[in-house]
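Since this is a predicted model, take the numbers as computed values, not measurements.
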Amino acid sequence: VLMNRARVMCRTDVAEAARFSSVLGYPIEEAAMCQRFEQISKRVDHGLFVAGEHPLHGWIHVCEQYLLESEACVEIKGLVVDLSSRRSGVGGLLVEQATTWALERGFHRMRVRSNVNRIESHAFYGAIGFKMTKSQQVYDLDLIQKR
């Protein structure tokens, strides 16, 4: 499945995007994914791209990140490639699309956070030029439960 271009995600891609999310271990109902898509797709500081026509081969979500303590960057928030399309260039194509998006906005750095258990993705990111810069713990606080 060698792809040569990615495109902006559209509403008709949402059902497949939800299926891909489950591949990553984040199951989501199509209706919830649709609601998130509607919120994110309106934002100019976020990019949503897919590889392929139906069926899709993968998707990527990137956004602008501004921090006081470090240079602004674009962060990959999600990158999912269908199991049958892995190792075919789809992931690289999607990262290249995200790179173009970032450069067009004047960014010089891209970041991705990858779960320690995702060994395959660590090799992928290293192979396309990403360097590991730190390791960290992630903590969530349920704001409703806390009250």
Side-chain angles (χ1 to χ4, degrees), residues 3-83 85-86 88-144:
M3 307 289 306
N4 59 9
R5 78 174 196 79
R7 62 178 172 78
V8 173
M9 182 185 283
C10 60
R11 171 63 185 89
T12 59
D13 300 319
V14 171
E16 288 183 83
R19 182 177 58 83
F20 285 131
S21 186
S22 295
V23 169
L24 256 188
Y26 302 107
I28 183 171
E29 297 291 327
E30 183 180 341
M33 180 70 89
C34 183
Q35 182 180 28
R36 292 176 189 175
F37 170 81
E38 294 300 329
Q39 292 170 336
I40 294 168
S41 65
K42 294 174 186 165
R43 298 187 55 151
V44 297
D45 59 337
H46 286 250
L48 295 167
F49 303 99
V50 295
E53 297 299 329
H54 302 280
L56 297 180
H57 299 288
W59 60 263
I60 191 167
H61 172 200
V62 292
C63 71
E64 298 175 6
Q65 228 22 55
Y66 297 93
L67 304 169
L68 285 175
E69 73 275 7
S70 62
E71 174 189 3
C73 68
V74 165
E75 186 164 339
I76 297 173
K77 300 311 250 179
L79 170 60
V80 184
V81 175
D82 187 46
L83 292 172
S85 299
R86 291 194 177 166
S88 67
V90 171
L93 174 71
L94 289 165
V95 172
E96 185 57 37
Q97 177 66 46
T99 299
T100 299
W101 184 88
L103 289 169
E104 287 172 353
R105 283 158 179 70
F107 289 88
H108 302 274
R109 191 165 55 96
M110 186 175 296
R111 170 179 288 150
V112 64
R113 299 168 198 269
S114 181
N115 188 307
V116 67
N117 298 322
R118 300 200 186 280
I119 305 302
E120 190 175 309
S121 70
H122 303 168
F124 166 75
Y125 288 119
I128 63 171
F130 282 81
K131 307 285 186 242
M132 187 167 110
T133 57
K134 72 177 178 178
S135 181
Q136 64 188 44
Q137 301 285 325
V138 177
Y139 301 91
D140 283 339
L141 175 63
D142 185 325
L143 299 178
I144 303 303

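- Put simply, the side chain of Met9 does not reach to within 4.5 Å of the side chain of Ile40, judged on heavy atoms.
- In this structure, His61 NE2 and Phe49 CZ are separated by 10.0 Å, a value rounded to the nearest 0.5 Å.
- With values rounded to the nearest 0.5 angstrom, His57 atom NE2 is found 9.0 Å from Glu16 atom CD.
- Within a 6.0 Å radius of CD in Glu69, other residues, nucleotides and ligands contribute more than 12 heavy atoms.
- When every heavy atom of Ser70 is checked against every heavy atom of Arg109, the shortest pair comes out as OG-NH2, 4.1 Å.
- No side-chain heavy atom of Ile60 sits less than 4.5 Å from a side-chain heavy atom of Trp101.
- Across every non-hydrogen atom of Met33 and Ala17, the tightest pair is CE-O, 3.4 Å.
- More than 12 non-hydrogen atoms from other residues, nucleotides or ligands lie less than 6.0 angstrom from CD of Gln136.
- With contacts defined as side-chain heavy-atom distances shorter than 4.5 Å, the pair Val112/Leu79 does not qualify.
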(request) Show the numbers, then the answer: is there a side-chain contact (heavy atoms from CB on, under 4.5 Å) between Met110 and Phe130? (result) CA-CA 8 Å; Met110 186 175 296; Phe130 282 81; 4.0 Å; yes
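- Remark: Leu141 CG is packed, more than 12 non-hydrogen atoms of other residues, nucleotides or ligands lying under 6.0 Å away.
- Shortest non-hydrogen contact noted between Ala102 and Val74 is CB-CG2, 3.5 Å.
- Distance alone, capped at 3.5 Å, places no donor-acceptor pair between the Arg111 side chain and the Cys73 backbone.
- For the residue pair Glu64/Tyr66, the side-chain donor-acceptor check at 3.5 Å is satisfied.
- Between Leu93 and Ala6, the shortest heavy-atom distance links the atoms CD2-N, 4.0 Å.
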(message) Under the criterion side-chain contact (heavy atoms from CB on, under 4.5 Å), I'd like the reasoning laid out for Arg36 against Ser21: C-alpha separation, chi angles, the key distance, then a yes or no.
(response) CA-CA 13 Å; Arg36 292 176 189 175; Ser21 186; over 6 Å; no
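- Arg5 contributes atom CZ, which lies 9.0 Å from atom CD of Gln97 (distance to the nearest 0.5 angstrom).
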(request) Apply the test side-chain contact (heavy atoms from CB on, under 4.5 Å) to residues Glu75 and Arg113: give CA-CA distance (whole Å), side-chain angles for both, the deciding distance (0.1 Å), then the verdict. (result) CA-CA 8 Å; Glu75 186 164 339; Arg113 299 168 198 269; 2.7 Å; yes
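- In summary, of the residues considered (Val90, Asp13, Val50), a side-chain contact (heavy atoms from CB on, under 4.5 Å) with Trp59 occurs for Val50 alone.
- From Arg11, atom CZ reaches atom CD of Glu38 across 6.5 Å, with rounding to the nearest 0.5 Å.
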(request) Test side-chain contact (heavy atoms from CB on, under 4.5 Å) on Lys77 and His46 and set out the steps. (result) CA-CA 10 Å; Lys77 300 311 250 179; His46 286 250; 5.5 Å; no
